[in-house]
Amino acid sequence: MMRFAWFPMVAGLAVLAGCPDDPYKAETWTKKLKDQRESERAVTELEQLGNPSAIPALGEAWVDQGKPVRLLQVIIALARPLTAQEAKTNYYTDYETAGRPASWDRALPYLKRALSEVDEANSRSVDSAAKAADALGEAKLPDGLDALIELVQKPVTKKLINAQVAALRAIGKYTGDGQRASAALIKLIDKDPPTNPRTARDKEQARALEEKYGLFLGFTGAAVNALGNLHVGAAAKTLVLTMFRTSDTPQMVDLTRRALVASGPAAFDELRKVLAGTHAEVNQLFKDKRLDKYCGDRNDAPPDQCQPVSAMMFFPAVVIGDFYDARAVPELLAALQRPPLPVSYIDDQPSPYTQYTAIFAALGKIGAPEAAAAVHAKWAGHGPGAAPSRAARGSKRGGEPAPAAGAGEPDLATRVLAMGAYPFVARDDAAVDELGKIAADNNADDPLRKAAAIGFALLAHDAKDIAILQGLAQKYLDASAKKRAEADGKPKAVADAADKEFTRAKKLYDDAKARVDRVSHDSSKTAADIREATDAASKASDAFKAAKKAHSDAVAPFRAADTLASSYRGFARMFQSHIARIEVAIRCRQDINCYAGTLQLKPADAAKNNAGYIKDIKDWTPDEQVALVEASVERAMLELGKRGTKASALTDKLLDSARTDDRVVRQSVLLALPKIAAVPCANCEAKLQDAIRAGEGKTTLGNLNLETTMMKNYFGWAGGKTPSSAPVEKDDLPTPSAPAAPPPRKK
């Protein structure tokens, strides 16, 4: 019996020590947060348990331990709400049934403290402030807005800016208190930028200016983006001024454009006043800063050496097209009466863009028929006193011209831009014959012929019009075949022989170089051996240079003929692709569902549809067949857009197709959507946001996503809709872009 005598003693020790703590209870670990040996494990265990009751204890530990980012991240994670599925995925067994409600109120004191006590000399403190700002933006706690505003009102420094940008991003999410949030943001951006580094006298001064200017752009860009997310009309005037103050930075122009469209009708009114020349604040800004002149990069040239620029017309026209409102047409047409001027200069070189670039793009987006006559006059080339064509008078094909005064001879660039916009504003076929003649004119400039061919194909709707394109294509197919036969004859034989000789010369040269390398690293070789190998390599090098020259001369005739054959074939394919634009109009006629069906068109189907018009369609590559799909969709979407809300039943089909990565298809869809959609549109914002998400991370879709964002912002308020508060725009600067003429074109 003595062997069991120890059991009562052990049991007594267990009673004296008490029962062990439950490791699945938060309080077990919160008690250990002050123990340096146990603290790190305690934080990990509390994070894994997911119980928000631990937040106060974690907050006190965060303060006691010098505000480490790790602890604040755990506090934020515990404060965040979870669905039942999210809780199950993270093994938070206490919340697998009903989910976990938000506990932001428990975290608020520590989030505010991370902002108000930020120490820019301490990187951990700045990181904590940035995390806290993001959390407040997610939670949208009213009591957190003041702390965010206080942080962004501090002087902007290189060490602090990351936290300040996070705070600006968070302020942009306070849509429930938009008036107070926007007032703070407006105050922040309503100021002149620092000196542009481009004005620096030397590299040292440029470096000093670059840092300050870069901080300004990063901070102001985030503030502008936040304003756009708030959708507040009161921001419109300040955003317009900001657009001009930062117009030398394309990224800022894109951000401001995005914010202006999100601001709604108030921004439209401000932009119209600028175009009309009646915006007092903008006029004063241009006068004070000489923004209507380029006086050198340093802005120090004498007045008589300054060059006029069109910034006052260009930038508002870029944005006003995003409102799709025909009330702006009179101001846009009035601006067309001014001579075209470069929008800017850099290093004394004018920009290739004039105000016409933006004006024609805007007119094409709006698509108002009242602009047709004026746009036609700009491409028809009427000189003073000349008679306009039938299209200028809006008649159908077959009428006779009548004398009238013209507006002067436009330059080539203007004519090309006007032709690009014309099919989108025209509502008849009055100019089809004119466009066809220009497209067929071998003496016309290539850019003009191409623009005319596109306009012709977007307006024509008869089989006889297809015959014109067939004839043009055949000329180039014949020329291509002739050049191909020429290239594949003697020039190719000479080129093939030259290639062989060149390959032999290159091998001799490579072998000589390799021999030098071997000899120089071979300890058994003498200096004479190395010298002999080096001399041989030098001779081989001279021989190779001569062989390169001889090869270049020998293959030049073949390459020239081969290039011409390919170029002629490409021109023929262009005219043949235009056939698809007319084919879909002939096939669909007035059937809007037929036009919508092109959005599901496959390359093989497009080839089949056009087989009766394109005799060599069997020789087309898959990539060439894609061009037929794009052409069909472009014409189809143009036809739907001209039918307006009569085609509104197709809105969802177009929205779903906006997710495509094909540039021509998406741009065509975007041009049609605002014309057919009945507003307010309940799901336009959400579906366009899906399209934006689908393109995120794809660098080639940067401009497409920007245009899609513009339209999402438009549908946010169009028809009186209340904009969605989520998801919020990113604060990164978009890819710089220049406005293009409205018809989507593949380069």
Side-chain angles (χ1 to χ4, degrees), residues 136-142 145 148 168-186 189 221-240 242-243 254-271 319-325 327-328 365 648 651-652 654-655 658-659 670 673-696 705-732 734:
L136 286 174
E138 182 181 346
K140 303 184 184 70
L141 296 172
L145 182 56
L148 291 166
L168 290 167
R169 182 170 54 232
I171 293 172
K173 297 180 182 181
Y174 274 78
T175 52
D177 198 355
Q179 185 173 357
R180 192 157 60 104
S182 63
L185 293 171
I186 290 170
I189 70 171
V224 166
N225 217 42
L227 262 179
N229 294 334
L230 291 173
H231 300 274
V232 176
K237 181 178 292 186
T238 302
L239 286 170
V240 168
T242 299
M243 177 175 64
D254 283 343
L255 276 178
T256 311
R257 174 187 168 200
R258 187 161 62 184
L260 278 166
V261 177
S263 299
F268 177 75
D269 295 337
E270 294 290 330
L271 294 166
V319 186
I320 210 161
D322 297 317
F323 290 83
Y324 305 97
D325 193 328
R327 289 179 297 159
K365 280 186 172 183
S648 62
T651 300
D652 281 340
L654 268 65
L655 285 168
R659 293 172 58 93
L670 293 179
L673 264 175
K675 298 175 180 65
I676 73 166
V679 292
C681 177
N683 63 342
C684 283
E685 268 191 289
K687 288 204 169 188
L688 289 169
Q689 184 62 46
D690 288 342
I692 294 167
R693 283 200 199 96
E696 284 179 356
N705 268 357
L706 175 63
E707 295 302 322
T708 310
T709 299
M710 296 299 103
M711 188 155 293
K712 181 184 78 72
N713 288 350
Y714 162 76
F715 278 117
W717 50 261
K721 184 179 182 295
T722 300
S724 170
S725 60
V728 175
E729 305 286 2
K730 289 186 174 182
D731 65 304
D732 56 324

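What you see below is based on every heavy atom in this structure, not just the backbone, and it leaves out hydrogens, waters and symmetry mates.
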Salt bridge flag under 4.0 Å for residues Lys712 and Glu707: no
Lys/Arg-Asp/Glu bridge criterion (N-O < 4.0 Å) met for Lys687, Asp690: no
Do the side chains of [Y] and [X] get nearer than 4.5 Å, heavy atoms only?
X      : Y      : answer
Ile189 : Leu239 : yes
Arg257 : Met243 : no
Ser263 : Val232 : no

Distance-minimising heavy-atom pair for [X] and [Y]:
X      : Y      : answer
Ala235 : Leu227 : CB-CD2, 3.7 Å
Ala222 : Leu168 : CB-CD1, 3.7 Å
Phe715 : Pro674 : CZ-CA, 3.9 Å
Gly233 : Ala266 : O-CB, 3.6 Å
Ala181 : Leu230 : CB-CD1, 3.8 Å
His231 : Ala262 : ND1-O, 3.1 Å

Report yes or no: does [X] contribute a side-chain atom to a donor-acceptor pair with the main-chain N or O of [Y] at less than 3.5 Å?
X      : Y      : result
Tyr174 : Leu141 : yes
Asn705 : Ile692 : yes
Lys721 : Glu685 : no

Got a sec, which pairs hit salt bridge (Lys or Arg N to Asp or Glu O under 4.0 Å) with one end in residues 222-237, sequence neighbours left out? Lys237-Glu281
Within this structure, what is the [atom1]-[atom2] distance for the pair [X] and [Y], rounded to the nearest 0.5 Å?
X      : Y      : atom1 : atom2 : answer
Leu655 : Asn683 : CG    : CG    : 6.0 Å
Leu673 : Thr651 : CG    : OG1   : 7.0 Å
Cys681 : Asp652 : SG    : CG    : 7.0 Å
Leu271 : Leu260 : CG    : CG    : 5.5 Å
Met711 : Leu688 : CE    : CG    : 7.0 Å
Asn229 : Arg169 : CG    : CZ    : 10.5 Å

In sequence, state the C-alpha distance, the side-chain angles, and the governing distance for Trp717 and Phe268, and then conclude on ring pair (Phe, Tyr, Trp, His ring centres under 6.0 Å). CA-CA 12 Å; Trp717 50 261; Phe268 177 75; 8.4 Å; no
Do Asn713 and Arg258 get their side chains close enough for a donor-acceptor pair, meaning under 3.5 Å? no
Which residues pass the salt bridge (Lys or Arg N to Asp or Glu O under 4.0 Å) test with Asp177, not counting sequence neighbours? Arg180
Flag the pair Tyr714 / Phe323 as yes when their ring centroid distance falls below 6.0 Å, and as no otherwise. no
